[in-house]
Amino acid sequence: MLDARFVSDNVDKIEKALKDRGYDLDLTNFRAKEQERLQLLREVEELRGRRNSVSEEIARLKRERANIQPLIEEMRAVGEKIKKIEEELTKLEKDTQDFLLNIPNIPHYSVPIGKDDSENIEIRRWGSIREFDFTPLNHWDIGEILDIIDFDRAGKITGSRFTVMKGLGATLERALINFMLDLNTSKGYKEILPPFMVNADSMFGTGQLPKFEVELFKIIDPEYYLIPTAEVPVTNLHKNEILREEQLPIYYTSYTPCFRREAGSYGKDVRGLIRQHQFNKVELVKFVKPEESYDELERLTQDAEDILKSLDLPYRTVALCSGDLGFASAKTYDIEVWLPAQQRYREISSCSNFEDFQARRANIRFKRAGKKGTELVHTLNGSALAVGRTLVAILENYQQKDGSVLIPDALQPYMKIDIIR
RNA sequence: GGAGAGGUGGCCGAGCUGGUCUAAGGCAGCCGCCUGCUAAGCGGUUGUGGGGGUAAAACCUCACCCAGGGUUCGAAUCCCUGCCUCUCCGCCA
């Protein structure tokens, strides 16, 4: 969420930034309403001040057994007036809030201007793409041949876009989770295992609500949401807290399953593990001081890339252009892993700096030593990595002519074997 | 699932028969003073958000005693709803 006063004071600047994102918004009406709101606020505060002082007066006169009836009559009228203004104010505040909650973040100046993913900028590539002396198979074919992935039975017990992992497939998934968590914690990220359901308030905090409810799975009774990413529970860990400067930066890593409706993605990636309603992910989350957040974004992205390097999987990193940026993000790098069967790079991680956008919604602040007042922290997060897609990349990149799949060196201690056949 | 208790400032804790509560007291923190040192003691001070004000401060003011409503001239205090915590019973991995 953006700051109401900041928006009201920078109408032109923000209209332009939103246009770069593909949002056409007229903010002049908002500014007018803000001014009206502040005018009413001043009025009601003056009336409340009067009520406070007269209330003292009434208490005093009552002790002296003087006649207080005229004052009470007067205050009854003042009370009604206060109530009336408060009602108007509540309505205006709600409008302001609703409006701001639906405005996306402002892109950082370094974000390339563009309309969609075709205008993202490649930043770097790593690894060499393997030359196959046979036609590489899709991961779903490999999974079937090795009997480690079962889509049909998942459809039977639940529905489409769900998967059953079996035998060494399940073991590989589990090994990847442990490997990623171990690598991340070795760099100072603290491991968090949060609830996989959260309340609506948390979803507002990180920006999934109110705008993106259709993408979430909702529990009706009691009313909870299944998390679409660990970002939600982990960022909200410090909701409504004031952190001390010495506590920052805070680094968390968290494995969770992620649940997404994938509404509107009909026809995309219908086969295979790429797009699922439930998938595993290991996430990195940072809480940092504002002046450090862009350096932290670079390091967070490197930390995610390190996992692909350790697994010797070729990838590239792209900077998302303004039009492709997620709602809450000020800047995002996507990391894309090479999939030989598709002959293209596919997203396996998304690393973002949200600046104070989430912190304002979730009310996460910090206090500088020796300074008055508080400031909003900056929050960041990134996948390190999407586990299912990493498994896809391993199956496809490490497949052999006879249908077997080699296990990357780094995973062998976790798998206790070096090949799936 | 049943029965009961409770949520107050960084922490503990009083207030809860509505009006010096602009929340007692203690602890902790900070600043002084005092005393060979330390401890003790003495004095002062300490939150958050908003509005106004200022070059910036100072300063003025409104709100905040879990959250949201209600009653009242006036609510930490009374009423309702929700959330959370604790105790006992039952059930359970």
Side-chain angles (χ1 to χ4, degrees), chain A residues 1-9 30-101 193-205 209-210 218-225 233 236-248 257 356 358-377:
Chain A
M1 185 165 65
L2 303 175
D3 178 63
R5 172 153 270 183
F6 177 74
V7 173
S8 174
D9 290 348
F30 176 81
R31 178 163 52 190
K33 273 195 146 177
E34 260 307 277
Q35 279 160 0
E36 188 189 344
R37 187 178 71 82
L38 290 182
Q39 178 56 36
L40 285 174
L41 190 61
R42 283 190 287 269
E43 276 177 41
V44 79
E45 285 189 355
E46 197 181 317
L47 288 171
R48 282 200 285 237
R50 169 143 177 78
R51 182 174 69 186
N52 288 346
S53 56
V54 175
S55 283
E56 267 177 57
E57 180 80 358
I58 290 175
R60 192 174 57 77
L61 292 174
K62 201 174 172 188
R63 272 194 301 275
E64 293 167 3
R65 301 183 189 286
N67 181 18
I68 54 178
Q69 212 48 43
L71 277 180
I72 286 180
E73 291 301 327
E74 190 197 336
M75 282 305 103
R76 187 171 289 150
V78 170
E80 274 164 24
K81 202 164 172 190
I82 290 175
K83 204 168 189 175
K84 216 175 133 210
I85 298 178
E86 277 175 347
E87 275 167 22
E88 287 178 62
L89 216 43
T90 305
K91 195 185 165 305
L92 278 172
E93 277 163 7
K94 193 184 172 304
D95 290 350
T96 302
Q97 192 76 355
D98 288 349
F99 186 75
L100 290 174
L101 281 171
L193 185 61
F196 301 157
M197 301 179 207
V198 297
N199 56 32
D201 198 42
S202 294
M203 288 294 185
F204 274 95
L209 288 178
K218 185 176 184 176
I219 312 280
I220 300 301
D221 188 18
E223 196 176 296
Y224 290 131
Y225 293 86
N236 280 288
L237 277 179
H238 295 295
K239 180 164 63 182
N240 292 326
E241 290 186 13
I242 300 174
L243 303 163
R244 283 172 287 109
E245 184 178 16
E246 321 82 84
Q247 288 178 272
L248 299 175
D356 61 13
Q358 294 180 325
R360 185 172 291 106
R361 287 174 166 242
N363 192 26
I364 308 170
R365 294 165 292 167
F366 77 104
K367 192 174 178 56
R368 288 189 202 268
K371 269 198 137 186
K372 265 189 106 163
T374 60
E375 290 175 55
L376 294 165
V377 302

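Since we're looking at a predicted model, the values are computed, not measured. Letters A, B, ... are given to chains in the order of the sequence lines, protein chains preceding strands, and every chain is numbered from 1.
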Do you know which two heavy atoms are closest between A/Ala200 and A/Leu209, and how far apart they sit?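 Smallest interatomic distance, heavy atoms only, reads O-CD1, 3.8 Å.
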Does [N] have its OP1 or OP2 closer than 4.0 Å to a side-chain nitrogen or oxygen of [X]?
X: A/Lys372; N: B/rA58; value: yes
X: A/Lys367; N: B/rU48; value: yes
X: A/Thr374; N: B/rG49; value: yes
X: A/Lys83; N: B/rU71; value: yes
X: A/Arg42; N: B/rG50; value: no
X: A/Asn363; N: B/rU48; value: no
X: A/Asn52; N: B/rC62; value: yes

Check every strand shown and say whether [X] touches a base, only sugar-phosphate, or nothing at a heavy-atom separation below 4.0 Å.
X: A/Arg5; answer: sugar-phosphate
X: A/Arg60; answer: nothing
X: A/Ile68; answer: nothing
X: A/Gly79; answer: nothing
X: A/Leu41; answer: sugar-phosphate

Would you measure the distance from the [atom1] atom in [N] across to the matching atom in [M] and give it in whole Å?
N: B/rG4; M: B/rU61; atom1: P; value: 47 Å
N: B/rU20; M: B/rU35; atom1: C1'; value: 40 Å
N: B/rC86; M: B/rC27; atom1: C1'; value: 24 Å

Pair partner, [N] [Watson-Crick or wobble, under 3.5 Å]:
N: B/rC37; result: none
N: B/rA57; result: none
N: B/rG6; result: B/rC84
N: B/rG90; result: none

A/Arg365 and A/Asn363: side chain donor to acceptor below 3.5 Å: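 Side-chain D/A pair, A/Arg365 to A/Asn363: present.
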Of all the nucleotides listed (B/rC73, B/rG51, B/rU48), which has the minimum atom distance to the side chain of A/Ile242? B/rU48
Rounding to an integer number of Å, can you tell me how far [X] [atom1] sits from [N] [atom2]?
X: A/Arg244; N: B/rG10; atom1: CZ; atom2: C1'; result: 10 Å
X: A/Asn67; N: B/rC73; atom1: CG; atom2: P; result: 15 Å
X: A/Glu86; N: B/rA63; atom1: CD; atom2: P; result: 9 Å

Pick the nucleotide of RNA chain B nearest each of A/Arg51 and A/Arg37; which residue has the one closer to the 5' end? A/Arg37
